Amino acid sequence: MIEVKNLTKKYGDKLAVDDISFRVEKGEILGFLGPNGAGKSTTMNMLTGYISSTSGQVLIDGIDILEEPNKAKAKIGYLPEIPPLYVDMTVASYLDFVYDLKKCKLPRKSHIADVCGLCRITDVKDRIIRNLSKGYRQRVGLAQALIGNPPVLILDEPTVGLDPKQIIEIRTLIKKLGKKHTVILSSHILQEIQAVCDKIIIINKGKKAADGTAEEIARSLTDKHRMTVRIEGTKGTKEDKDEIVRALKSISGIKYVRADMMRENGIFDYDVESDGETDVRREINELCRSKNWNILMFSLSELSLEDIFLKITLGDNIVVEDGEIRKEETEKIRINLKLDGEAEVEDDNDDDSSAEKAESSKDNSEEKDGGKN
């Protein structure tokens, strides 16, 4: 239904989208992920024909978006991040206007009524759009995308700014629409992509970095053996955490250990990765027995979508722990939030490096004092 071939977009010397290719079949919901500035919105704007590509091709149901724009766009329903609403119109008059704008051939009254019922806006159809809540405005924006019953829906951040109840309603609607339409969904909410989408594309720095289901991408990223162990130490406090992490890291074959959030009072989950060749479960069990620690849960685990996203966009060995994003054993970034809303970014260096800096500072200070005397 949607085929993208070698899509490229340049703004002067800046390469915003770099040779992206992918396919989305009828009835599939594709999740489009990427950090800010990765080229997501630029790609979606080219898919809808809002901007032209520098090179490459976008086919909507076999129709080139640049060669036959009107014919291709007639097959697309588009909801941008900010819905294109005329806020001084009523919902009914706005959808009536969109019906004419799209030159829709379906029976006007029944079709608009069906779209209002699907988006659950029938009860507000006679109200001025300006007076609607954010959630209802988002639904009206989705309704305009559905006018004409287009086979392709492109939705850019459809749940941004909505409350949890509204988010669940929009997600449910998107899944329902995915049974009859081809849907491309862009979102920064990883849980939303995982809950709704059949396939995922992650772009980074203008390039396609991953394409497939979350499970397929996870398998392609790592062949390491991962597990989660919930361990209760002898003290039943946070003091156990560092001791347990050190002990787990000492087991031969374990490459990485991270203490996750506290799951019960004084009890933590520990994410463990082995080298993929060693079964370390018996050694972990023996370690806990010798230390009088209780194993309360032991499960094999796969990379989460958050792990996948961080590994692709930030590189290998990325760890999120206690509000920090850091690169294991190479660099560490800590963001300290102040009460006035400002933020400081600090680099944590090892003790030797800190000692060298302190010594260097001391030498410089002595040189300055000597110069003054």
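Just so it is clear, the structure is predicted and the values come from calculations on it, not from any experiment. The basis for the numbers below is simple: all heavy atoms, side chains too, and nothing from hydrogens, waters or symmetry mates. Note that the numbering runs from 1 along the sequence shown for the chain.
- In terms of the side chain to side chain contact (heavy atoms under 4.5 Å, CB included) criterion, residue partners of Arg282 (sequence neighbours excluded) are, by chain and number, Asp279.
- Under the 3.5 Å distance criterion, the side-chain polar atoms of Arg139 are matched with a main-chain donor or acceptor of Arg120.
- Cluster membership for Val87 and Val98, using ILVMFWY side-chain heavy atoms within less than 4.5 angstrom, is shared.
- To the nearest 0.5 angstrom, Ile60 atom CD1 is 4.0 Å from Ile76 atom CD1.
- With Phe32 as the aromatic partner, Lys40 does not meet the cation-pi criteria of under 6.0 angstrom to the ring centre and within 45 degrees of the ring axis.
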List the atom pairs, with distances to 0.1 Å, where a side-chain N or O of residues 5-14 and a protein N or O form a donor-acceptor pair under 3.5 Å, not counting sequence neighbours.
{"unit_1": "Asn6", "atom_1": "ND2", "unit_2": "Asp19", "atom_2": "OD1", "d": "2.9"}
{"unit_1": "Thr8", "atom_1": "OG1", "unit_2": "Asp19", "atom_2": "N", "d": "3.1"}
{"unit_1": "Lys9", "atom_1": "NZ", "unit_2": "Ser52", "atom_2": "O", "d": "2.9"}

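- Test Leu248, Leu287, Asp269 against Ile231 for side chain to side chain contact (heavy atoms under 4.5 Å, CB included) and you get one pass: Leu248.
- Here the closest heavy-atom approach between residue Tyr78 and residue Ile154 is recorded as CD1-O, 3.2 Å.
- Contact between Thr90 and Asp126 at its shortest, heavy atoms only, is CG2-O, 3.8 Å.
- With hydrogens and angles disregarded, no donor-acceptor distance shorter than 3.5 Å links the side chain of Lys199 to the backbone of Ile29.
- Judged as a ring pair (Phe, Tyr, Trp, His ring centres under 6.0 Å), and not counting sequence neighbours, the contacts of Tyr86 are Phe97.
- Tracing side-chain contacts under 4.5 Å through hydrophobic residues (I, L, V, M, F, W, Y), one reaches Leu146 starting from Val124; they form part of the same cluster.
- Scanning both residues, Gly141 and Pro83, for their nearest heavy atoms gives CA-CB, 4.0 Å.
- For the atom pair Asp211 CG and Ile201 CD1, the distance stands at 4.0 Å (nearest 0.5 Å).
- The hydrophobic cluster containing Leu296 does not contain Phe298, counting ILVMFWY residues as joined when their side-chain heavy atoms lie under 4.5 angstrom apart, directly or transitively.
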Audit row: Ser252, Glu283, side chain to side chain donor-acceptor pair (under 3.5 Å) steps and yes/no
CA-CA 9 Å; Ser252 176; Glu283 285 75 9; over 6 Å; no
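- Under the 3.5 Å distance criterion, the side-chain polar atoms of Arg137 are left unmatched by any main-chain donor or acceptor of Asn131.
- Put simply, Leu47 and Leu155 are part of two different groups of oily side chains (I, L, V, M, F, W, Y) that touch within less than 4.5 Å, one to the next.
- Side-chain atoms of Ser93 never come within 3.5 Å of backbone atoms of Met89 as a donor-acceptor pair (strictly under, hydrogens ignored).
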Listed pairs under 3.5 Å, donor-acceptor, residues 176-184 side chains, sequence neighbours left out:
{"unit_1": "His181", "atom_1": "ND1", "unit_2": "Pro150", "atom_2": "O", "d": "2.6"}
{"unit_1": "Thr182", "atom_1": "OG1", "unit_2": "Glu25", "atom_2": "O", "d": "3.3"}

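- Taking each heavy atom of Ile203 and Pro35 in turn, the nearest pair found is O-CD, 3.6 Å.
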Hey, mind stepping through Glu243 and Arg246 against salt bridge (Lys or Arg N to Asp or Glu O under 4.0 Å) and telling me if it holds?
CA-CA 5 Å; Glu243 182 183 357; Arg246 285 194 299 270; 5.9 Å; no
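- Hydrophobic clustering (side-chain heavy atoms under 4.5 Å, transitive across Ile, Leu, Val, Met, Phe, Trp, Tyr) keeps Leu185 apart from Ile20.
- Between Ile65 and Ala72 the shortest heavy-atom distance is CD1-CB, 3.5 Å.
- Taking each heavy atom of Phe268 and Asp260 in turn, the nearest pair found is CD2-O, 3.2 Å.
- Remark: Asp123 pairs with no residue by the salt bridge (charged side-chain N to carboxylate O under 4.0 Å, His left out) rule, at least two apart or across chains.
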Go through the steps to decide whether Lys255 and Asp275 satisfy the test salt bridge (Lys or Arg N to Asp or Glu O under 4.0 Å), and finish with yes or no.
CA-CA 6 Å; Lys255 309 296 289 183; Asp275 55 15; 6.0 Å; no
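- The backbone N or O of Pro158 lies less than 3.5 Å from a partner atom in the side chain of Gln138, making a donor-acceptor pair.
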Give the table of side-chain donor-acceptor pairs shorter than 3.5 Å for residues 103-114, with sequence neighbours excluded, one pair per line with atom names and distance.
{"unit_1": "Arg108", "atom_1": "NH1", "unit_2": "Asp96", "atom_2": "OD1", "d": "2.8"}
{"unit_1": "Arg108", "atom_1": "NH1", "unit_2": "Asp100", "atom_2": "OD1", "d": "3.2"}
{"unit_1": "Arg108", "atom_1": "NH2", "unit_2": "Asp100", "atom_2": "OD1", "d": "2.7"}
{"unit_1": "Ser110", "atom_1": "OG", "unit_2": "Pro107", "atom_2": "O", "d": "3.4"}
{"unit_1": "His111", "atom_1": "NE2", "unit_2": "Gly148", "atom_2": "N", "d": "2.8"}

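- Put simply, the side chain of Gln166 gets close to the backbone of Asp163: a donor and an acceptor are under 3.5 Å apart.
- In this structure, the side chain of Asn45 engages the main chain of Ser41 through a donor-acceptor pair within 3.5 Å.
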